[in-house]
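Below is one structure, written out as structure tokens; the observations come after it.
In what follows, every heavy atom counts, from backbone to side chain, and hydrogens, waters and symmetry copies are set aside. Just follow the structure's listing: the first ligand is 1, and inside any ligand the first atom is 1.
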Amino acid sequence: MPITRLIRWLTGFRRRKRDRIRSGPLPPEWRAILERRSGAWRRLNPADRAELVGHVLVFLNEKHFEGCGGLTITDEIRVTIAAEACVLLLHRDTEYFPLLRSILVYPREYIAPTAEHLDDGTVIEDHQPRQGESWDQGSLVLSWRDVLGGAANPHDGQNVVLHEFAHQIDEEFNLSEVDPRNALNDAARHWAMVFDRAFERFSTEVEQGRATPIDPYGATNEAEFFAVITETFFERPTDLRRYDPGLYEQWSLFFRQDPISWRG
Ligand SMILES: [Zn+2]
């Protein structure tokens with residue numbers, strides 16, 4: 001079989017398999033977990049909930065979970081993480097975080113080694129507590145306690161699942177590295193211009209110690225800005241639109257969602 005036909009056949013096969021899984025029933029105990037644990041689930045309208053259920057089923061069929069630091073993976077952990085992550089996929093044709101294979105879950109904040117490379121060649125090795133990380137080798141790490149905290153309060157702009165999976169989306173679509181001069185079309189150019197302008201303004205405000213509705217961690221670099229704005233967009237949408245209507249509009253266009261209209 002020629003390679004192009006093989007790829008077309010494989011793509012069609014995967015699409016049919018996903019369609020079948022997406023339309024399958026949600027076990028009642030999983031629905032109970034969504035009701036109990038996912039703040040986002042409680043805010044969605046019935047049509048979005050139905051779409052989210054389909055995405056959760058595909059997500060859980062395709063992604064591998066691994067317990068770390070003595071944690072045993074349960075349906076509660078899998079379903080809660082899947083639900084919060086799949087909010088990012090609603091209303092779009094999606095490949096389900098194609099760069100991601102495994103989700104590693106620690107019971108609580110974990111300590112990760114860090115290395116700072118100084119200009120004179122010295123390397124300072126240290127350790128830092130982390131709630132989550134997204135790696136580009138196909139895995140993502142989360143602290144279960146922080147997942148629960150983030151999912152329980154859908155209005156505080158702090159959600160480690162949204163944050164880490166936003167990094168996956170950024171990596172998939174290269175959203176935080178677009179240069180307006182090299183953008184492929186008007187929409188991408190506009191995205192890049194709004195993004196750059198907002199990042200510059202925000203970085204200055206953080207430097208000057210001024211209060212904004214956005215977590216100052218977003219000033220670290222463009223990738224963190226994308227992840228933090230995504231948290232703010234879904235959890236504090238009214239504040240984000242008031243802070244920068246253009247930025248809110250760009251996030252609405254990309255995610256094809258308007259969280260201001262969500263209930264609660
Ligand atoms: Zn981050």
Side-chain angles (χ1 to χ4, degrees), residues 39-40 59 63 65-66 68-69 80-89 97-106 108-117 126-154 156-178 191-192 195-196 198-203 205-207 212-237 239-240 243-244 247-248 250-251 254-255 259:
F59 183 98
K63 306 303 178 194
F65 282 75
E66 200 177 313
C68 302
T80 305
I81 292 172
E84 297 288 307
C86 289
V87 167
L88 298 172
L89 308 181
F97 307 106
L99 307 174
L100 177 69
R101 287 187 305 277
S102 299
I103 298 145
L104 283 63
V105 191
Y106 283 85
R108 57 189 68 80
E109 267 196 350
Y110 56 95
I111 305 295
T114 58
E116 191 186 348
H117 297 262
D126 203 354
H127 291 83
Q128 227 180 41
R130 297 257 168 90
Q131 301 176 358
E133 278 167 282
S134 176
W135 294 339
D136 49 14
Q137 302 94 341
S139 53
L140 186 149
V141 192
L142 292 166
S143 141
W144 173 231
R145 185 155 69 184
D146 292 286
V147 169
L148 281 177
N153 185 342
D156 62 359
Q158 305 280 329
N159 186 312
V160 68
V161 177
L162 290 180
H163 183 104
E164 302 307 339
F165 281 85
H167 281 312
Q168 288 289 319
I169 287 186
D170 182 16
E171 214 183 310
E172 182 184 351
F173 295 101
N174 233 343
L175 293 164
S176 69
E177 277 181 18
V178 177
W191 165 275
F195 188 101
D196 281 355
F199 179 64
E200 213 164 290
R201 170 192 169 188
F202 178 64
S203 302
E205 286 168 342
V206 170
E207 226 172 81
T212 78
I214 302 160
D215 184 340
Y217 184 65
T220 308
N221 55 43
E222 284 87 345
E224 295 306 337
F225 186 64
F226 177 80
V228 164
I229 293 296
T230 302
E231 286 177 271
T232 318
F233 173 72
F234 284 102
E235 295 213 336
R236 297 181 64 184
D239 289 338
L240 182 64
Y243 173 76
D244 187 334
L247 201 60
Y248 184 86
Q250 289 304 305
W251 255 250
F254 176 78
F255 284 104

- prompt: Per the side chain to side chain donor-acceptor pair (under 3.5 Å) rule, which among Glu164, Glu235, Glu231 passes with Asn159?
  reply: Glu235

Near-ring test Phe226/Trp251, centroid separation under 6.0 angstrom: yes

message: Which atom name does Glu224 have for its N/O/S atom nearest to the Zn ion (ligand 1)?
response: OE1

message: Under 2.8 Å from the Zn ion (ligand 1) - does any N, O or S atom of Glu133 fall there?
response: no

- prompt: Hey, does the side chain of Arg101 reach the backbone of Gln137 with a donor-acceptor pair shorter than 3.5 angstrom?
  reply: yes

message: Ring centroids only, cut at 6.0 angstrom: are Phe234 and Phe255 within range, meaning strictly under it?
response: yes

query: If the Zn ion (ligand 1) is the vertex, what is the angle to NE2 of His167 and NE2 of His163, rounded to 10 degrees?
result: 100°

